Amino acid sequence: MLVAEKNSLTEEIEKMVEKHGATRAALMPVLQDIQRNHKYVSEFAQQEVARLLNIHPVEVYSVITFYSFLNSEPRGRNIVRLCQTITCDLIGKEIVAKAIERELGVKFGETTKDNRITLEFANCLGMCDQGPAMLVNDKVYTKLTPEKAVEILNKVK
Amino acid sequence: MENKDTSRAPVSQKSHVVEKPEHPEYIGGSISVEINEKKVSVPLGTTILEACRENKIHIPTLCHHDDLCVSGVCRICLVEVEGMRTLQASCAFPITAPIKIKTTTQAVRKARRHIIDLMLSEHCGECYACVRNNNCELQSLAKEYGVDSFTFGHISEPRYEIDNSSFSIIRNSDKCILCKRCVRTCIDLQEVGVLESVNRGDKTMISTFMDKPLSDVICINCGQCINRCPTGALQANDPSDQIWRDIEDPAKHVVIQTAPSPRAAIGEEFGLPAGHSMTKELNTALKRIGFDGVFDTNTTADLTIFEEGTELILRLYKALVEKDESVALPQFTSCSPGWVKYLEHFYPEYTDNLSTAKSPQQMFGALFKTFYADKIGVDPKDIVSVAVMPCSAKKFECNRPEMDDSGWKDVDYGLTTREMAKMIKEAGIHLPEMPPSNFDSPFGEASGAGLIFGATGGVMEAAIRSVVEFVTGNKIEDIFEKANVIPVRGFEGIKYAELPLGDVVGPVPGILQKLVPNWDWLKGATLKVAVVHGTANAKKVMDDIKAGGKFSQCHFIEFMACPGGCIGGGGQPIPTNEEIRMKRVEAIYAEDESLEMRKAHDNPNVVRLYEEFLTDGPCGHLSHKLLHTEYTKRGKYIA
Ligand code: SF4
Ligand code: SF4
Ligand code: SF4
Ligand code: FES
Ligand code: FES
């Protein structure tokens with residue numbers, strides 16, 4: 001990472017810490033802010049958070065690895081999470097998944113070459129009565145069919 | 001307990017702690033409970049585990065450790081509490097109401113057995129090829145609960161790679177039972193924060209920042225995590241195979257130095273209760289094993305007092321008389337390599353405050369391959385120097401690239417107390433049966449001042465014994481009865497003492513005459529000192545210094561990375577707790593009091609060393625080359 005990039009990231013995190021307070025309890029909201037802006041929390045960002053909240057970098061890393069919606073590795077511009085839990089699974093998650101993979105040319109767990117979309121599985125999204133369900137960033141789509149899913153993803157920038 | 005600082009503990013852990021009342025005899029201060037139908041009364045807030053221990057009722061534990069905050073994650077300590085739907089973890093259950101507890105019901109036994117079975121189902125390790133064989137809490141639990149088959153299966157293929165990147169610590173996650181004792185040790189006791197649990201559910205493991213190898217993250221190698229790990233998941237990096245190879249090689253001259261703390265603790269490895277010094281028995285055992293020379297690290301501890309004491313006097317002289325503002329004060333001790341690395345990482349702007357004097361281990365190393373090689377007429381390339389230390393950080397220290405001032409690697413191997421005991425056993429020797437014998441010449445015996453380096457406050461006490469006599473010309477016994485400098489002793493995490501030097505000063509001793517003209521500038525001065533152990537405490541003191549607080553006014557501060565000082569080092573016998581550490585300290589102070597020679601400057605071998613070899617005196621040219629070192633400003637950033 002370039003020095004200028006680092007400096008601006010530091011500044012950004014400092015502002016977040018100012019907003020949420022420089023306490024241990026601010027860890028989650030700060031990480032969520034970083035995740036929202038950058039789609040991941042880099043090694044450098046984690047250490048800056050640790051420094052500003054006066055905790056250890058490994059504690060930050062521990063929290064990130066615990067939550068599926070936080071990551072420490074770069075992701076695509078958009079994160080698509082398809083529900084893999086039992087109700088959605090029974091009602092056709094598998095064919096939706098296949099269709100998406102075919103359309104984008106990458107597998108779940110991977111990112112498209114143009115960095116547009118990262119595919120991930122998620123656990124129950126609380127939409128079991130309307131499955132299969134999928135999240136695109138923070139927007140939820142339900143009652144998916146392969147065609148509908150592909151159509152939605154093609155509109156994602 | 002002094003070090004049990006839970007101020008940083010997550011809220012989930014704090015709920016398990018209830019402040020105990022100051023006066024349990026007042027109304028409401030005590031609660032009567034029934035344990036296995038026996039009525040007992042305990043202070044409010046006592047945990048069920050504590051209440052049971054108090055009443056000699058055994059409850060198994062794994063994640064609980066006397067030095068650490070409550071965690072309640074392993075559940076092996078479950079008991080039945082009447083009226084509660086589920087079994088309760090006794091270590092995390094503070095008693096706040098009269099309750100009825102049952103500790104041996106079938107439900108309890110079954111649950112505990114299930115927990116053990118579940119742990120074993122994921123535990124990949126073969127006891128007979130494990131460092132903790134016969135001293136493993138998981139193994140003994142399996143025995144205690146009569147495990148004769150694996151109810152839930154047992155994996156035989158390792159799932160993780162062993163991390164042996166560090167000079168000091170090896171991590172084998174396949175043997176880890178996720179008790180998080182290491183996590184609490186590293187964060188709460190040491191404030192280093194290397195380890196945490198990562199991932200979730202069945203993928204949970206203990207790991208480092210970004211799962212990097214231990215050598216790439218900020219670990220100070222103190223080994224405190226090893227001492228608190230119930231299993232063989234953490235161990236020190238053991239060089240004994242190479243040492244055996246060198247001993248068997250007739251071309252090699254293998255010398256060994258023994259530090260006081262291993263001597264005060266190694267008996268525990270042979271079944272003795274804590275608190276038996278085995279100095280002279282160890283000498284005999286080491287000679288039988290085949291070491292060509294056995295020496296006392298206290299010799300160079302005495303030498304350290306000369307060098308470090310002189311350095312302090314020089315710093316004070318420059319600051320007070322020459323008004324040189326660039327002089328870094330307070331001076332920090334530098335004999336604990338864990339502390340040195342801690343400072344290099346977390347307070348790199350203060351490395352100038354560290355005494356440049358090397359640790360006793362490294363001083364001896366440099367002398368072995370110069371002075372000693374000359375004396376016995378052996379080519380230094382054929383000398384192998386081994387150090388028995390209570391410490392895993394000493395392994396890192398001897399591998400620091402700058403530690404080659406003799407022209408060779410000054411100390412080849414750092415060996416822990418545990419590894420030393422293992423070698424002795426391998427040789428078929430039962431240490432307590434050995435007849436006593438003395439250290440070898442040309443270094444011979446050393447003073448009690450060097451000996452007490454092993455206890456927190458020891459370096460300070462040794463320095464005070466010498467500096468006060470040097471400056472005032474009086475006997476230290478006139479100020480402190482039997483030369484025991486009580487104000488710097490004890491297990492308090494941070495100690496502070498003021499020592500008025502008085503208005504009468506003595507003549508400057510010959511060995512220092514080149515450096516200071518007289519002591520008049522110290523007339524009426526008060527020496528301010530502090531003693532700190534455990535790096536969590538060091539952090540508090542360093543933050544105070546940074547803020548310009550009381551400790552910034554000190555002249556000299558002793559820092560030890562490990563709780564209790566070296567006797568509580570990461571290479572010492574397992575288990576450890578405050579009681580055991582106390583016993584070891586007592587053994588050291590008792591040995592000190594039994595000696596004739598109790599001050600570093602009374603050590604004739606060291607005085608002779610200055611006459612024959614280091615002829616330009618303490619902090620002179622040759623001393624600087626061989627006995628002093630420099631530090632690296634490492635910083636906190638993990639690349
Ligand atoms: S950690 Fe304990 S149970 Fe596991 S292999 Fe080693 S001795 Fe056996
Ligand atoms: S050796 Fe010390 S610093 Fe390193 S992980 Fe263990 S407790 Fe932490
Ligand atoms: S490494 Fe040892 S102390 Fe740490 S969690 Fe695993 S078993 Fe417990
Ligand atoms: S199972 Fe898919 S939303 Fe609940
Ligand atoms: S010892 Fe009580 S839960 Fe682990």
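None of the values given here were measured: they were computed from a predicted structure.
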Pair B:D211-A:Y61, side chain to side chain contact (heavy atoms under 4.5 Å, CB included): steps then yes or no: CA-CA 9 Å; B:D211 304 316; A:Y61 181 60; 2.6 Å; yes
A:E59 side chain to B:G193 backbone, donor-acceptor under 3.5 Å: no
Heavy-atom closest contact (B:I638 atom, A:E43 atom, distance): O-OE1, 3.8 Å
Contact origin within B:T204 toward chain A - heavy atom pairs under 4.5 Å: neither
Heavy-atom closest contact (B:N199 atom, A:F66 atom, distance): O-CD1, 4.0 Å
Heavy-atom pair of closest approach, residues B:S197 and A:S62: O-OG, 2.6 Å
4.5 Å side-chain heavy-atom contact, A:Q47 and B:Y637: yes
Shortest non-hydrogen separation from B:F209 to A:V58 and the atoms involved: N-CG2, 3.5 Å
Which portion of B:V192 sits near chain A, non-hydrogen atoms under 4.5 angstrom: backbone
Over 12 foreign heavy atoms within 6.0 Å of CG, B:L118: yes
Residue B:K633 excluded, over 12 heavy atoms near NZ under 6.0 Å: yes
A:D114, CG atom: more than 12 neighbouring heavy atoms under 6.0 Å: yes
More than 12 heavy atoms of other groups within 6.0 Å of B:F167 CZ: no
A:H56 side chain vs B:V194 backbone, donor-acceptor pair below 3.5 Å: no
B:R200 to A:Y67 - nearest heavy-atom pair and separation: NH2-C, 4.5 Å
Atom NZ of A:K6: over 12 foreign heavy atoms under 6.0 Å: yes
More than 12 heavy atoms of other groups within 6.0 Å of A:E101 CD: yes
